[in-house]
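Inspection log for the structure reproduced underneath, given as structure tokens.
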Amino acid sequence: MAIHFISDLHLADDTPALNQLFLDTLAAWRGRIAALYILGDLFEYWVGDDDDSPYLEAPLAAMRAFAADTPLYVMRGNRDFLLGAGFEARSGAKLLDDPMLIEAHGRRILLSHGDALCTDDAAYQQFRAMSRNPQWQQAMLAKPLAERHAIARHARAQSEMNKQQTGLTAISDVTETAVRELLAAHDWPTLIHGHTHRPAHHLHDASSRWVIQDWHGDRGGYLRLDEQGIAQLPLS
Ligand code: MN
């Protein structure tokens, strides 16, 4: 059976079509694939495992139902980096470290969200280091839920503004240097990542790198791995 990979769904309380696509996709794949890997930014933001937003109930219940039949793995992205043990309990998913090496269908495959590879974006890498610090996370999670939501809304508005001002610039893509370093450190596996919203298949010497497409509007996509190899496929 095939293994499927998705990332960058950016589910939120104001993305009903995407949330529905996620529910439909889980229902369609449940029990019919070997495993599902969600490689980061499943949620537009995640303010803590105690988030009781009503829109979360349906996707978390659908994940629990899915995970009862089919292995379900989730990697943290740059939006939902606060996913923790409480999320695992609520979703039935198992959280993965980034990067994570797996072996499947005779291939060594390295999984990553991809944000750590965008090394030209110094300001972001600084934020990444800070936001992955356990003390910083503890201080954030100690704030009242309403305050964490306000911080997340502010960060989201800021990010939207930056995107509109600068568009899709080179700084938000991975660098060849970071990719080659990561591949070399793991003896040149196949790399699968998301984050950049630039779906493609790149060659790096004997290795290759698949970039998963993001979901937006009412459509998405996924990577399928089976005996035939890897393929990028649409969802709608
Ligand atoms: Mn991302």
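Because only heavy atoms are used, hydrogens play no part in the values below, and waters and symmetry mates are left out as well, while side chains stay in. All ligand and atom numbering here is 1-based and tracks the order in the structure.
The N, O or S atom of H195 lying closest to the Mn ion (ligand 1) is ND1. Of all N, O or S atoms in D41, the one lying closest to the Mn ion (ligand 1) is OD2.
Side-chain atoms of H113 and D41 form a donor-acceptor pair, as typed in the model, at a separation below 3.5 Å.
Ion pair R148/D51 not flagged as a salt bridge, since none of the NZ, NE, NH1 or NH2 atoms sits closer than 4.0 Å to an Asp/Glu carboxylate oxygen. Under a 4.0 Å N-O distance rule, the pair D98/R76 does not qualify as a salt bridge.
Ring geometry for F5 versus Y37: interplanar angle under 30°, hence parallel rather than tilted (30 to 60°).
Coordination check, N78 versus the Mn ion (ligand 1): passed, since an N/O/S atom of the residue sits under 2.8 Å.
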